[in-house]
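To start, the structure itself, in structure tokens.
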Amino acid sequence: MTALPRIALAGIAIESSTFTPYLSSAADFEVRRGTAEIVARFPFFTDGSQTGRQLREAADYVGILHARALPGGQLEREVYEGWKAEIRDGLAAAHAEAPLDGFFFDIHGAMSVVGLEDAEADLLAALRAVIGPDVVVGTAMDLHGNVSEALFEGCDLMTCYRHAPHIDSWETRERGLRDLIAVATRVRDGGARPHKALVHVPILLPGEKTSTRIEPAKSLYARIPELTRRDGVTDVSCWIGFAWADQPRCKAAIVAYGDSAEAVQQAALELATALWEARHEFEFVAPTGSFDECLDRAIASSARPFWISDSGDNPGAGGADDTTCCLSRLAARPEIRSGEVSALMVSLVDPGSADAAWVAGVGGRLQVQVGGRIDTREPGPVPLVVEVAALDDSGPTGRAAALRVLDGGEGTADGNRTGRLAAAPSVRVASTALADAPRTGLTVVVTARRSQWTTHEMFARLGLTMTGFDVVTVKMGYLEPDQYEAAADWLLALTPGGVDQDLLRLGHSRIDRPMIPFDPEIPAPTAADVRTGDGA
């Protein structure tokens with residue numbers, strides 16, 4: 001019997017905004033070590049399907065370390081260097097024990113590390129130094145990742161998601177792993193590596209302008225299956241790139257690989273040309289406006305629930321998750337203060353308020369100052385008098401609390417309309433004078449950890465539903481599937497924050513130029529722009 005190919009699994013996966021003040025630390029990550037824990041990360045290995053079982057049995061897997069986090073800010077350098085050393089040493093030991101045939105580099109592709117320009121390429125270079133050039137390296141990435149020339153050189157196989165929202169994340173990893181096993185087995189038995197081609201396109205757009213729900217991204221990604229069916233082409237992928245990092249590698253990229261150098265190069269250039277031809281057609285996935293404009297429209301509309309995305313502070317792209325411009329407007333809005341309109345703000349990270357809510361218990365009343373401690377831009381912490389409506393600590397958010405607002409925004413409990421709880425501690429139990437304070441129509445969810453509330457199950461943990469309020473403001477960009485289905489109507493608010501949709505407001509200074517949307521025009525890709533790599 002032919003021995004199974006020996007495939008190592010490891011990586012660090014995070015999407016990092018360089019414009020958010022938040023620094024990501026080890027506490028933000030779920031870390032898995034060893035083969036059993038890392039193999040269990042892949043649902044297709046345990047879903048009972050025949051294809052999943054076949055893939056599980058197709059290789060001898062060796063898990064080293066995998067760390068994954070919700071998008072955030074740059075990763076602390078010390079944490080990164082520690083994990084890099086652990087993966088490097090683990091791969092070296094595994095390769096010395098029995099030669100590895102392949103390495104699945106399990107990353108997101110938009111990680112930023114303090115002091116590094118191209119974190120994934122730095123990590124892969126360190127790992128290549130111990131496994132050598134003969135081990136076949138494959139990766140399956142988020143389409144909002146970045147493909148630098150150095151990363152392209154270090155990988156033999158590269159693929160990425162074909163949908164945004166990312167409904168195919170595990171399908172993409174399954175595809176990437178299957179191709180890696182096939183190529184690693186072939187190379188081990190004396191065959192050649194595939195040919196590969198890279199074409200960069202100087203476009204840098206937020207995901208909210210490149211959703212595959214709408215044109216032109218919908219048709220652009222729909223071209224990929226036909227390209228991959230061509231003789232000599234195995235895979236073609238399109239990376240939109242990551243808009244909220246200020247680095248030269250941030251730009252769109254097309255990568256193709258397969259057994260025919262000519263077919264692979266042609267497929268990559270063809271898709272890159274199609275992207276270039278659509279360069280002026282990308283629009284936001286939903287109607288946009290300032291938050292005040294969006295709130296005016298939401299309140300006036302008969303559509304219920306009406307969802308608004310606080311897009312500039314989307315933690316799913318790296319936002320701090322605690323800017324308060326939207327919360328302050330909601331708390332001060334007369335229709336919401338009177339209870340005529342019910343509104344939900346979900347969610348802001350505020351460990352102090354979440355902990356105080358747990359101390360007070362359901363029904364307890366508090367004075368709190370919510371948000372504005374990580375990203376301290378105006379208006380900063382918002383003073384609220386609240387009643388604890390529900391508590392939960394069963395999910396990844398840590399302690400979470402739904403707080404019904406009794407008073408806030410423009411005033412305080414004692415009627416002093418200052419907009420701040422002057423000299424008050426950040427959290428304190430309210431006095432008995434608040435016992436009869438009437439409720440407004442606003443509920444705000446605070447959490448101990450940064451989080452995205454994307455599913456029905458997350459809302460249900462706090463006794464909430466996605467359809468139980470007139471207006472729902474959520475720290476998102478484009479809506480995820482459960483949210484999208486729940487919304488009777490939806491607007492994308494162009495709010496400030498570390499992942500501001502108005503890229504020109506952020507102040508990029510280190511990206512390559514010319515670049516759309518920073519410049520009005522870019523050159524068309526040509527054959528001279530195709531970077532190639534041929535397997536030995």
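Numbers here simply count residues along the sequence, with the first being 1.
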Looking at side-chain heavy atoms only, is the closest gap between [X] and [Y] below 4.5 Å?
X: Phe306; Y: Val472; value: no
X: Asp106; Y: Ile38; value: no
X: Thr397; Y: Met458; value: yes
X: Leu151; Y: Met141; value: yes
X: Glu378; Y: Cys325; value: no
X: Gln501; Y: Arg505; value: no
X: Val113; Y: Asp122; value: no
X: Phe29; Y: Ile14; value: yes

Intermediate values then yes/no, side chain to side chain donor-acceptor pair (under 3.5 Å), Thr18 and Trp244: CA-CA 6 Å; Thr18 63; Trp244 295 294; over 6 Å; no
Just how far is it from atom [atom1] of [X] to atom [atom2] of [Y], taken to the nearest 0.5 Å?
X: Asp322; Y: Leu348; atom1: CG; atom2: CG; value: 6.5 Å
X: Leu391; Y: Leu462; atom1: CG; atom2: CG; value: 7.5 Å
X: Arg173; Y: Tyr161; atom1: CZ; atom2: OH; value: 3.5 Å
X: Ile336; Y: Thr440; atom1: CD1; atom2: OG1; value: 8.0 Å
X: Lys251; Y: Leu205; atom1: NZ; atom2: CG; value: 14.0 Å
X: Leu9; Y: Leu65; atom1: CG; atom2: CG; value: 11.5 Å

Per-pair distances, 0.1 Å, donor-acceptor, side chain in residues 399-406, under 3.5 Å, sequence neighbours excluded:
from: Arg404; atom 1: NH1; to: Glu387; atom 2: OE1; distance (Å): 3.4

Compare every heavy atom of [Y] with every heavy atom of [X], then report the nearest pair and how far apart it is.
X: Gly319; Y: Thr20; result: C-OG1, 4.1 Å
X: Cys250; Y: Asn146; result: CA-OD1, 3.4 Å
X: Pro396; Y: Arg449; result: O-CD, 3.8 Å
X: Phe242; Y: Glu15; result: CE1-CG, 3.1 Å
X: Tyr221; Y: Cys238; result: OH-O, 2.6 Å
X: Leu204; Y: Pro517; result: O-CD, 3.1 Å

Given Asp313, Asn314, Thr495, the one that forms side-chain hydrogen bond (donor to acceptor under 3.5 Å, both in side chains) with Lys475: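 Going through the options one by one, the only one that passes is Asp313.
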Trace of the side chain to side chain donor-acceptor pair (under 3.5 Å) decision for Asp246 with Ser509: CA-CA 7 Å; Asp246 191 15; Ser509 63; 3.3 Å; yes
Main chain of [Y], side chain of [X]: is a donor-acceptor contact present, judged purely on distance under 3.5 Å?
X: Ser311; Y: Met476; value: no
X: Asp168; Y: Arg162; value: yes
X: Asp470; Y: Val341; value: no
X: Asp482; Y: His456; value: yes
X: Tyr80; Y: Leu123; value: yes
X: Asp28; Y: Ser24; value: no
X: Arg32; Y: Glu37; value: yes
X: Arg450; Y: Pro71; value: yes
X: Asp350; Y: Ser353; value: yes
X: Asp375; Y: Asp321; value: no

If you draw a 6.0 Å radius around [atom1] in [X], do more than 12 non-hydrogen atoms from other residues or ligands fall strictly inside?
X: Arg297; atom1: CZ; answer: no
X: Tyr484; atom1: OH; answer: no
X: Glu78; atom1: CD; answer: no
X: Arg68; atom1: CZ; answer: no

Centroid-centroid under 6.0 Å between Phe518 and His508 rings: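 Ring centres of His508 and Phe518 closer than 6.0 Å.
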Ring centers of His144, His108 separated by less than 6.0 Å: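 Ring centres of His108 and His144 not closer than 6.0 Å.
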Steps toward side-chain contact (heavy atoms from CB on, under 4.5 Å) verdict (Gln483, Met466): CA-CA 7 Å; Gln483 299 169 320; Met466 287 185 166; 3.9 Å; yes
Lys/Arg-Asp/Glu bridge criterion (N-O < 4.0 Å) met for Arg249, Glu120: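 Glu120 and Arg249: salt-bridged.
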Presence of salt bridge, Lys84 and Glu81, under 4.0 angstrom: yes
Under 3.5 Å, is there a donor on one side chain and an acceptor on the other for [X] and [Y]?
X: Ser451; Y: Trp453; result: yes
X: Asp118; Y: Ser148; result: yes
X: Asp292; Y: Ser290; result: no

Test salt bridge (Lys or Arg N to Asp or Glu O under 4.0 Å) applied to Arg333 and Asp296, step by step: CA-CA 10 Å; Arg333 186 78 183 206; Asp296 285 344; 2.6 Å; yes
Cation-pi check, Lys209 onto Phe282 ring (under 6.0 Å, within 45° of axis): no
Worked verdict on Thr473 versus Leu344 for side-chain contact (heavy atoms from CB on, under 4.5 Å): CA-CA 6 Å; Thr473 301; Leu344 173 67; over 6 Å; no
Whether Phe459 and Trp307 hold their rings parallel, tilted or perpendicular, with breakpoints at 30° and 60°: tilted
Steps toward side chain to side chain donor-acceptor pair (under 3.5 Å) verdict (Gln247, Ser112): CA-CA 9 Å; Gln247 297 161 344; Ser112 287; 2.9 Å; yes
Derivation and outcome, side-chain contact (heavy atoms from CB on, under 4.5 Å), residues Asp310 and Val474: CA-CA 6 Å; Asp310 179 5; Val474 64; over 6 Å; no
Verdict with supporting geometry, Leu442 and Leu327, side-chain contact (heavy atoms from CB on, under 4.5 Å): CA-CA 9 Å; Leu442 177 60; Leu327 176 61; 4.3 Å; yes
